[in-house]
Amino acid sequence: MSTIQAPETDTLSLDHLILADQLMAVRRSMLISVPVSIILGVISVLVAVYYGLGLAGLLWFFASSVVNVARIVLCRYPVRLLNPDGSAEPKNLDPSSVRQHLSWQSAMAAASGVVWAFIAILCEGYTAPQTVFYLTVICGITAGAITAGFAYARMPICYIVPVLLSVAGCLIYAGGFERYCLAATAVLYLAALMRGAFESEALFRQSSRLKNEATAMAASLAAARDQATEAAVELGHRAAHDALTGLLNRNGLMQAVASLPPASATRLTLMLLDLDGFKGINDAFGHKAGDRVLVEVSRRLRQSLESDVIVARWGGDEFAVLFDSRLGEDAPSIVATKLIAAMSIPFATFDAGRIGVSIGICASDERDIDEMLIQADAALYRAKSEGRNRYYIFDDDLRKHLEMRRDIERDLAKALSSDALEVWFQPILGAGGRKLTDLEALVRWNHPRHGSIPAPDLVAVASMSGLAEPLFRTILKDVCAMMQTLRAMNLGHIKVAMNMSPREMAQIAVDDLILTKLRRLDLPAAMLEIEITEDTAKDIRSVKSKLAALTNEGVRIAIDDFGVGYSSMSSLRQLHVDRIKIDRSFVDGIAGSVDDRNVVQSILSLGKSLGIEVVAEGVETEADMQTLRRLGCSTMQGYYFAKPMPQHETIEWINRSRSLVN
């Protein structure tokens, strides 16, 4: 499919549009400034009458009024149209007629300036007592003329030149050192106003040019979308290609793989690319801007790759690249580096660095595309977890991790039914690490083959296999059991926090499950705290109602791993967050890192300004604890104080640490 390109705006027609914009601006400004001129004329006549020059003042005002009426009539006079049947929009105005109207406006401005130049008659050539009044009026009306005529410099200049030269000439004729100085000032003022008029017109023309170029580009983009829609009507092409970008879609990629040479002749490399920061573009600039980014990304992919490389839009903001890497083992790394560099070039209208790309790579001699997709997706997830603009090649470590995920998916249901999962608890201490205030619940599963399973993997697999709710119920049951134990120990003031992932928030009615459980066990909601990640806080609409139901009952809300994701002050307020937990990456080693101290200090200041408690998690050393105390962080969590422990060991730890409780 050929690439659709937007035509460039014709320079001549663009100049015509700018002229039309100038005329429109001049007319609008005249309809505002002429009434002001009339009012000032009336006041000037009153002053003339007061000083005994009523007849001269009336004659002057009559001349001024004639010119002002003519200027208003000129503003109302129609401009000749290129298409008489069309509307009077800028692109339909005859350029020669526009120029003629601007010339007439300038001529009438000069006539008005000549009339105002004769104001000297009303103050005896600027030597009478009323001179100060008339000079003030002259200064104001000439400055106003420049402001009103910002779009077309020639018109206000024609107006102010006779006025100010008249002032300077009268003062020089009257003689005297002070009048000479004042005349020089008037000339200098004239020069400054003329320069301001030219600069204003230049800025207006530049603004008009940009506006019309943007309009032309928007029209070109609309035309490109129409052409893409028409192309999509062709069923055969639509079945294999993405309508927006013109790249292969999923079906097209599978068809392309099927048509490749025999497996023995190739070593396939599959890359999955995921755009970093794309959701922020959609949220900030709208979906149309997001579509433009996708089109530009596809263009850069095709431009950066050889013609025989298969490129597909896999879905959303994900792309797939498939090629034969038998010619060199370094080919995957070289290609990935090249693509990351291509995406790092700033996109039009967006800040540099706003868009990036993460790449997962799988190189294989096998022709099992389904397995390659699974492996490339696992590598992509690893690349994204390590930061923006990175690539990761599927290796033995990821292979073991993938096997672990599959075993988890296979064995999790049985583990849940047999109570093989445990919930451990880690203390959180306030008062600078001197008083136990909370316990954080952390799920643990000792898999028969893989040992301890990381909680993120456990939650992710549970969500994908439909076991999110049974897992959540298991964790909630153990959390409530700990809350009951604490109340029995007269420690009901100690809160218990449980983590909640974005998938759980989306898939489960967590608010109903939690509140029903608390009521059935007669447990106070204030003892429970829900920790959500910053990713959960991003999608406020999907979580707000559930969290609102919990907070209304007294459950506390905390943002976990704060500082590594995305949270706005608005989201913190809308979700009624009680606590933010600084990610351990900023806390571990803070005693020796100025940057980490600055980040933590900023988060502490944010928390203080919003009335939100701040917790530092990941405190490992005495030095880090003392540094946090000096920064004003009073609530901490980490191995320095205590590691996560099973419930019975947690109770034993509390009994041994009564000084932290009392």
Side-chain angles (χ1 to χ4, degrees), residues 1-4 221 224-276 278-279 282 287-288 290-326 331-332 335-336 339 342-343 357-381 383-384 391 394 402 406 464-465:
M1 177 183 291
S2 61
T3 303
I4 300 173
L221 289 173
R225 286 196 299 272
D226 292 341
Q227 292 180 37
T229 302
E230 292 173 2
V233 175
E234 302 174 10
L235 296 178
H237 184 81
R238 184 179 59 183
H241 289 80
D242 173 59
L244 177 66
T245 63
L247 299 177
L248 295 174
N249 57 20
R250 292 193 179 209
N251 291 333
L253 178 64
M254 295 304 181
Q255 294 174 16
V257 171
S259 64
L260 289 174
S264 59
T266 60
R267 174 179 172 81
L268 291 182
T269 292
L270 174 66
M271 294 182 171
L272 287 182
L273 294 77
D274 186 81
L275 299 183
D276 300 320
F278 180 75
K279 187 179 186 302
N282 267 339
H287 290 284
K288 289 184 179 180
D291 287 347
R292 291 198 297 272
V293 168
L294 294 175
V295 172
E296 174 64 12
V297 167
S298 65
R299 187 192 68 79
R300 295 185 186 187
L301 287 175
R302 288 267 38 132
Q303 190 178 55
S304 302
L305 298 168
E306 299 294 333
S307 59
D308 58 344
V309 174
I310 298 173
V311 184
R313 183 184 175 196
W314 191 242
D317 61 339
E318 287 191 359
F319 295 82
V321 173
L322 187 69
F323 60 93
D324 180 8
S325 58
R326 185 172 295 279
V335 172
L339 294 180
M343 300 306 160
V357 64
S358 298
I359 304 176
I361 305 172
C362 171
S364 175
D365 292 324
E366 304 295 330
R367 188 56 65 83
D368 189 347
I369 190 65
D370 292 328
E371 183 65 19
M372 291 183 69
L373 284 168
I374 293 173
Q375 294 179 1
D377 187 64
L380 174 62
Y381 184 85
K384 291 188 75 69
Y391 69 87
F394 187 83
L402 193 59
R406 288 170 174 166
M464 290 186 294
S465 57

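Values below: every heavy atom of this structure, side chains too, minus hydrogens, waters and symmetry copies. Here, residue 1 is the first one in the sequence, and each next residue gets the next number.
Residues Gln375 and Leu272 fail the side-chain proximity criterion, which asks for heavy atoms closer than 4.5 Å. Within the 4.5 Å cutoff, no side-chain heavy atoms of Leu221 are placed close to those of Lys288. The closest side-chain heavy-atom distance from Arg406 to Ile374 is below 4.5 Å. Considering only heavy atoms from C-beta on, Leu247 comes within 4.5 Å of Phe319 through its side chain. At least one side-chain heavy atom of Leu275 sits under 4.5 Å from a side-chain heavy atom of Leu294. Contact annotation: the side chain of Thr269 never approaches that of Val321 to less than 4.5 Å [non-hydrogen atoms, C-beta and beyond]. Between Met343 and Leu301, the closest side-chain pair of non-hydrogen atoms falls below 4.5 Å.
Rounded to the nearest 0.5 Å, atoms CG (Asn251) and CG (Asp242) are 11.5 Å apart. One distance of note links CG of Leu322 with CG of Leu373; it measures 9.0 Å at 0.5 Å rounding. Between the CE atom of Met372 and the CG atom of Leu270 there is a distance of 5.0 Å, given to the nearest 0.5 Å. In this structure, the separation between CG on Leu253 and CZ on Arg313 is 14.0 Å, given to the nearest 0.5 Å. How far CD1 of Ile310 is from CG of Asp324: 10.5 Å, rounded to the nearest 0.5 Å. Summarising the geometry, atom CG belonging to Leu273 is positioned 10.5 Å from atom CG belonging to Asp317; distances are rounded to the nearest 0.5 Å.
Side chain of Arg250 to backbone of Trp314: a donor-acceptor contact under 3.5 angstrom is found. Counting only distance, with no hydrogens or angles, the side chain of Arg302 and the backbone of Glu306 share a donor-acceptor pair below 3.5 Å.
Judged by distance alone, the side chains of Asp276 and Ser358 do bring a donor and an acceptor atom under 3.5 Å apart.
A salt bridge does not link Lys384 to Glu318: none of the charged nitrogens lies less than 4.0 Å from a carboxylate oxygen.
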### Query
Are Arg292 and Glu296 close enough, and set up right, to give a salt bridge (Lys or Arg N to Asp or Glu O under 4.0 Å), and what steps lead you there?
CA-CA 6 Å; Arg292 291 198 297 272; Glu296 174 64 12; over 6 Å; no
